[in-house]
Amino acid sequence: MTKKDIIVLLETIATYMELSLENPFKVSAYRKAAASIETDGRSLSEIDDFSTMKGIGKGVNEVIVEYVDTGRSTVLDELKESVPEGLVRMLKIPMLGPKKIAKIHKELGIASMEGLKEACDSKRVSTLPGFGVKTEQNISKAIDELLTRPERYPIERIISFRTAVENVLDEMEMVEKYDVAGSGRRFKETSRDLDYIIEVTDAAAFTESFLESPFVRETVAKGEKKLSVVIEDDMDEINVDFRFVTSREYFTTLHHFTGSKDHNVKMRQIAKSRGEKISEYGVESNGEIKTFGSEESFFNHFGLPFIPPTMRESGEETDTDISKIVSMDDMKGDLHMHTVYSDGAFSVREMVEACIAKGYKYMIITDHSKSLRVANGLYENRLYKQIEEIKGLRDEYPEIDIYTGTEMDILKDGTLDYSDDMLKELDYVLAAIHSSFTQTEAEIMHRLKSACENPYVRHIAHPTGRLIGSRAGYPVNMQELISMAKDTGTVLEVNANPRRLDLSADVIRHSGLKLTVNTDAHHTAHLDFMEYGVATLQKALIQKEDVINTFSREDFRNFVNKGK
DNA sequence: GCCGTTTTCGGCCCGACTGTTTTCAGTCG
């Protein structure tokens with residue numbers, strides 16, 4: 001059993017309670033308890049008394065203790081007896097919350113998504129008080145969409161949709177100013193939809209003009225304050241909302257819709273403790289509404305520094321010294337990239353020049369090792385050749401330290417793809433798993449252990465192998481890997497590729513790990529991925545000193561030379 | 001169910017929108 005199991009249990013209880021029309025504050029207490037456990041840095045074995053944690057009192061503690069001791073929960077078992085599981089799925093239908101679902105269940109005896117769809121089509125739902133024909137049609141349509149459209153899109157897809165929308169906005173002259181808000185602005189791993197805050201000279205004209213864009217598939221709602229559409233590309237479709245605001249309210253509205261929800265709750269608590277009230281229209285203080293010319297001045301009003309959107313998650317960020325948290329300005333080098341020697345698109349020289357253009361002080365060339373045939377991995381003779389080429393380039397580019405390296409495969413049986421004799425010829429070695437993802441956790445951990453314990457392996461690249469939204473990755477015991485990394489002085493990577501972001505923010509938060517963030521670039525343009533990796537570190541409120549890419553040129557040289 | 005330097009009761013973030021009503025409940029962000 002892990003912490004995650006307890007979090008899932010508490011959240012499941014909250015959901016079932018919600019559907020039993022339990023006191024909403026009780027439901028929220030279970031959710032808060034789950035969140036409290038999630039943001040606590042300790043593992044299950046390190047927590048001896050849950051009841052000392054914030055948000056966990058006598059009641060929730062009893063539930064946890066029973067679950068840890070017996071693997072069961074009487075509270076959940078009883079809830080499950082009174083609430084059919086099908087109702088939980090129905091919560092995913094937009095516009096249907098616990099009360100409406102309970103009514104549908106009680107009055108019509110419906111307990112599944114399929115049953116509800118049928119009831120809508122046979123017009124039984126609209127006979128219920130509080131339900132009308134329109135609601136019935138909307139539910140029916142929403143169920144169809146739920147069955148065909150994924151719930152959330154990975155950040156890579158979100159970026160692509162953003163680009164499409166913003167290319168249109170940039171060409172429209174009635175647009176004064178806009179920003180994406182929501183999870184898109186916070187660079188979350190996945191997002192459900194896109195939210196824009198927008199100031200326009202004429203909302204009606206904007207709406208008319210925007211709706212002519214070829215990617216608009218459907219208009220969901222249009223009004224004076226809001227336009228809501230579905231847009232599509234070759235693969236997917238997504239909801240996009242525009243909120244029309246005046247210049248005066250722009251930044252409080254932007255802050256409000258950037259979220260996260262937990263961040264907003266925390267900000268409102270802070271306001272309330274000062275006798276003020278935050279809404280999207282401003283800060284109400286002594287009966288007056290105060291607005292701001294920037295988000296920074298909004299935060300300053302509460303005695304806080306500007307908190308970047310990427311850090312606005314749990315609420316913990318308002319109690320954090322933001323100046324210590326890692327930022328793009330701190331990035332002095334990229335330690336993981338490929339060239340034409342293996343499966344990259346550019347030469348060593350081109351990658352060097354691209355890194356210099358980024359202002360980096362150091363870089364490491366890390367092509368694949370010999371066993372990764374699909375990526376044209378390097379046999380020893382070609383690796384020696386690359387080492388010589390890199391040495392030759394150093395004099396030509398004194399502004400940057402170019403280190404030799406490899407992204408070495410950790411083979412199926414835990415052996416490493418190069419001998420120590422080969423590895424000692426390199427400045428820096430990172431190791432990664434690229435094969436046999438279906439092994440058991442024990443087998444995978446054996447491989448990772450073998451890499452961590454090797455004296456030449458400095459860091460483990462993309463430690464779980466996951467691809468957001470498409471591949472779960474291989475089974476890793478994260479607590480064990482974290483301990484192994486600490487014990488052996490091995491650094492773990494946050495891979496900045498927006499398909500990976502591996503390790504994820506939730507894993508590294510409060511982990512106490514030494515980390516590195518790298519783009520794994522296979523193209524000079526991929527070096528730009530760094531901002532997604534840094535955003536992931538910021539979500540976890542990781543300090544500069546815990547990220548080796550922030551080292552000065554000299555400190556990094558010492559770090560490389562000193563070895564493990 | 002949790003919490004507390006206005007503390008053991010009475011709060012728990014706040015406002016808009018939708019669809020349904022005839023003054024509002026439920027849901028959402």
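Letters A, B, ... are given to chains in the order of the sequence lines, protein chains preceding strands, and every chain is numbered from 1. All values below come from the heavy atoms of this structure, side chains included, with hydrogens, waters and symmetry mates left out. On a predicted model such as this, the values are computed, not experimentally measured, just so you know.
Residue-level contact check: A:Lys58 touches the backbone only, with heavy atoms under 4.0 Å from sugar-phosphate atoms and none from bases. Within the nucleic acid shown, A:Pro24 has no heavy atom closer than 4.0 Å to any nucleic acid atom. Counting any heavy atom pair closer than 4.0 Å across all strands shown, A:Lys261 reaches a base atom. As judged by a 4.0 angstrom heavy-atom cut-off over every strand, A:Lys266 is placed among residues making no nucleic acid contact. Residue contacts shown for A:Pro129 are absent, as no nucleic acid heavy atom lies under 4.0 Å away. Heavy atoms of A:Ile93 sit under 4.0 angstrom from primed sugar atoms or phosphate atoms, though from no base atom. Among the atoms of the strands shown, only primed sugar atoms or phosphate atoms (P, OP1, OP2) are found under 4.0 Å from some heavy atom of A:Phe257. Within 4.0 Å of A:Val133, counting heavy atoms only, lie sugar-phosphate atoms of the nucleic acid but no base atom.
Partner assigned to B:dT8 is none, using Watson-Crick or G-U wobble distances below 3.5 angstrom.
Salt-bridge check for A:Glu189 with A:Arg466: passed, with a basic side-chain N closer than 4.0 Å to an acidic carboxylate O. One finds no salt bridge joining A:Glu107 and A:Lys103 here, because no Lys/Arg side-chain nitrogen approaches an Asp/Glu carboxylate oxygen to under 4.0 Å. Ion pairing between A:Glu218 and A:Lys141 holds under the 4.0 Å rule for side-chain N and carboxylate O.
Rounded to an integer number of Å, the gap from NZ of A:Lys100 to P of B:dT20 is 8 Å. A:Glu280 places its CD atom 6 Å from the P atom of B:dA16, with the value rounded to the nearest Å. As a whole-Å value, the separation of A:Glu62 CD from B:dG1 P is 9 Å. Distance NZ (A:Lys134) to C1' (B:dT21): 14 Å, rounded to an integer number of Å. At whole-Å resolution of the value, CE in A:Met17 and C1' in B:dG1 are 8 Å apart. In this structure, A:Lys272 places its NZ atom 17 Å from P of B:dC3, rounding to the nearest Å. With rounding to whole Å, A:Leu128 atom CG is found 11 Å from B:dT21 atom P. In this entry the distance linking CG of A:Asp193 with P of B:dG29 reads 7 Å, nearest Å.
Taking the six-membered ring for Trp and the full ring otherwise, A:Phe292 and A:His255 have centroids separated by 6.0 Å or more. A ring-centre distance under 6.0 Å is found for A:Phe242 and A:Phe206. Ring centroids of A:His301 and A:Phe298 are separated by 6.0 Å or more, keeping the two rings apart.
Spacing between B:dC2 and B:dT8 at atom C1', rounded to whole Å, works out to 12 Å. Rounded to a whole angstrom, the distance from the P atom of B:dT18 to that of B:dC13 is 25 Å. Look at the C1' atom in both B:dT20 and B:dC14: the space between them is 23 Å, to the nearest Å. Rounded to the nearest Å, the gap between the P atom of B:dC9 and that of B:dT27 is 33 Å. With C1' as the reference atom, B:dG26 and B:dT21 are 13 Å apart, rounded to whole Å.
Contact check, A:Lys99 against B:dG26: a side-chain N or O comes under 4.0 Å of OP1 or OP2. Close to B:dG19, at under 4.0 Å from its OP1 or OP2, lies a side-chain N or O of A:Asn138. Under 4.0 angstrom from either OP1 or OP2 of B:dC14 there lies no side-chain N or O belonging to A:Tyr281. Under 4.0 angstrom from either OP1 or OP2 of B:dT20 there lies at least one side-chain N or O belonging to A:Thr135.
For B:dG1, its base sits under 3.5 Å from the side chain of A:Asn23 at one donor and acceptor pair at least.
The number of heavy-atom neighbours closer than 6.0 Å to CZ of A:Arg217, taken from other residues, nucleotides and ligands shown, is above 12.
The residue among A:Val265 and A:Lys103 whose nearest nucleotide of DNA chain B lies closer to the 5′ end is A:Val265. Residue whose closest nucleotide on DNA chain B sits further toward the 5' end, between A:Arg192 and A:Gln269: A:Gln269.
The side chain of A:Pro94 approaches B:dC28 more closely than any other nucleotide in the set B:dC28, B:dC2, B:dC14.
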